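Just so we're on the same page: letters track the sequence lines, and every chain starts at 1. Remember, it's a predicted structure, so these values are computed and weren't measured experimentally.
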Number of protein chains: 2
Amino acid sequence: MQWNLEIKINEKLYLRDPKSSELGRNILKEGILMIEEHGIESFTFKKLAQQLKTTESSIYRYFENKQLLLLYILSWYWQWLEYLIVYKTNNISDTGKKIDIVLDVLLLNTQDYIDGGPDVDKRVLHNLVIKEASKSYLSHDVSTFNENKFYKPYKDISIRIAGLFQEINPEYKYSRNLASTVLLMSRNLYFFMQNLPSLTDFPGTKEVANTKEFLKQLITKSLV
Amino acid sequence: MQWNLEIKINEKLYLRDPKSSELGRNILKEGILMIEEHGIESFTFKKLAQQLKTTESSIYRYFENKQLLLLYILSWYWQWLEYLIVYKTNNISDTGKKIDIVLDVLLLNTQDYIDGGPDVDKRVLHNLVIKEASKSYLSHDVSTFNENKFYKPYKDISIRIAGLFQEINPEYKYSRNLASTVLLMSRNLYFFMQNLPSLTDFPGTKEVANTKEFLKQLITKSLV
DNA sequence: TGTTATGCAATAGTAATACTATCATAATAA
DNA sequence: TTATTATGATAGTATTACTATTGCATAACA
């Protein structure tokens, strides 16, 4: 039996459901590859159309603009990640182990992920998120987007992680701050190691294990 | 006697020294105001030129493009901040107090800063940095910019803070990771409180004191 | 005093971006 | 079969991100 994870995306993010057609699915797939490779700034619907041998106007029928396409992709990713956390921590009582799982998921330090969603290598998607996720809210439109609940998946995963911290130490006053920190640094420390290694303690290594150990210490020492 | 802080900026960041003329200084001043207000994405040299009642081409004589203008501004800011840290921690031996000072500087939780540099309210500049600093390295040009040492001021302040941690606990293995974390979160938690408050523990308050307390705990508990 | 940099304004022009609109045709659902 | 919908093809617009040229005013210099 095959399981396929269905993730519901905020309908305001798209004009036409990209999952409903071949073209739509290709926009997601090729869009992810191109944004990951060249960054959202130099990505255009025209370039994507050329790649897909279709037209700009066809793409505009699915997404109002590239920012909303990006938010669609990010929404899928964060919901997928939250599902992985829920799934993998289910029935586990050892809180230390739970933290390990959360960190492994955030760092994509694992092979066995449930598939579904856009037909791309999840590691490519992960790299896209590392580079582009922060830009999605560090934008002038943050308040409009927030009113439209475009950041809900990100908030949800953050609040869920905070809940775990709260469970471990109900007295701790900064669960949400700490969750935001872990979420953001799990992306940024990887980026720094790759691009600005002197901002980290283990330049050179592509090992994610050090980052995990650092974040784990940060959490456990904070929660004592 | 008046002190005026002179900060040296990487010469590759500009074509003509903006400090050397009235127009140059106005580009910095009005540029900061406009980028802070509208964000780097919708900011253009044309709009700035209109504001300054000059022409686009005149501005292009000072800066190759808006990204380099932003990097110029950020370079100035980070060097200014590092100077503040050095100045204010000088002759202080109590390490707890030193951490307090560092956090107050990073959060601009202080009135008495040495002036100099662009003739703008330093709080406006600080707000600009909160919103725009991360974008400056989460860019496709990060490697080129890094080769040109455009991120040196950011690295310098980060490494200096890491050095302080190392001083407090020479055994601690993650000084640089922790410094990067504190530097990034001092910006992001403020942004979250303003824009995505459910990512923090103290929505509603504009108080920076909670963020400071959180970061202080993070540091002190990590360094025990 | 005339010469020469220089700094800046004015104007023009280009390729790319971020769309919007219209119409025809192909696929499909009623 | 007809009606609906999706896509393709083409065109067009305002804005962006520049580059290039010319000419004028002023300050420095000889």
In B/Lys66, B/Lys131, B/Lys135, the residue satisfying salt bridge (Lys or Arg N to Asp or Glu O under 4.0 Å) with B/Glu41 is B/Lys135

Whole-Å distance, A/Glu22 CD to C/dA27 C1', equals 14 Å

| With a 4.0 Å cut-off on heavy atoms, is A/Thr54 in touch with a base, just the backbone sugar-phosphate, or nothing at all? | sugar-phosphate

Sorted by position of nearest nucleotide on DNA chain C, 5' first, the leading residue of B/Leu52 and A/Lys46 is B/Leu52

B/Leu23 atom CG is separated from C/dA10 atom C1', nearest whole Å, by 15 Å

Here the pair of heavy atoms bringing A/Glu56 nearest to A/Ala49 is N-CB, 3.6 Å

### Query
Are A/Asp121 and A/Arg123 within salt-bridge range, i.e. N to O under 4.0 Å?
no

Quick one: do the B/Tyr62 and B/Ser21 side chains pair a donor with an acceptor below 3.5 Å? yes

When rounded to whole Å, the CZ to C1' distance for the pair B/Phe43 and D/dA17 reads 12 Å

Of the candidates D/dT10, D/dA6, C/dT17, the side chain of A/Ser57 sits closest to D/dT10

Whole-Å distance, B/Gln67 CD to D/dA17 P, equals 8 Å

- Item | Contact under 4.0 Å: B/Arg16 side-chain N or O vs C/dC8 OP1/OP2 | yes

message: Let's test your reading of the model: under 3.5 Å, does the base of D/dC18 pair with the side chain of B/Glu64 as donor and acceptor?
response: no

With the side chain defined as heavy atoms from C-beta on, B/Thr55 is closest, among C/dT11, C/dA21, C/dA18, to C/dT11

### Query
Under 6.0 Å between ring centres, would you say that holds for A/Phe63 and A/Phe45?
no

Of the listed C/dC8, C/dA21, C/dT17, the closest approach to the B/Ser58 side chain comes from C/dC8

Separation of D/dG8 atom C1' from A/Ile59 atom CD1, nearest Å, is 12 Å

The nucleotide from D/dT7, C/dT17, D/dT19 with an atom nearest the side chain of B/Tyr60 is D/dT19

| message | At less than 4.0 Å, is any side-chain N or O atom of A/Lys53 found next to OP1 or OP2 of D/dG8? Yes or no. | response | no

Between CD of B/Gln50 and P of C/dA10 the distance, given in whole Å, is 13 Å

Exercise for review: Scan A/Tyr62 against the nucleic acid and name what it touches under 4.0 Å (heavy atoms): base, sugar-phosphate only, or nothing.
Suggested key: sugar-phosphate

To the nearest angstrom, the CZ-C1' distance between A/Phe45 and C/dA16 comes to 16 Å

* Using the ring of each side chain (for Trp, its six-membered ring), is A/Phe150 parallel, tilted or perpendicular to A/Phe145, with breaks at 30° and 60°? -> tilted

Testing C/dC8, D/dA17, D/dG8 for proximity to the side chain of B/Lys66, the answer is D/dA17

Here the distance between atom C1' of C/dT17 and atom CE of A/Met34, to the nearest Å, is 14 Å

Would one find a side-chain N or O of B/Ser21 under 4.0 angstrom from OP1 or OP2 of C/dC8? yes

Mind checking if B/Arg61 touches a base, just sugar-phosphate, or nothing, with heavy atoms under 4.0 Å? base

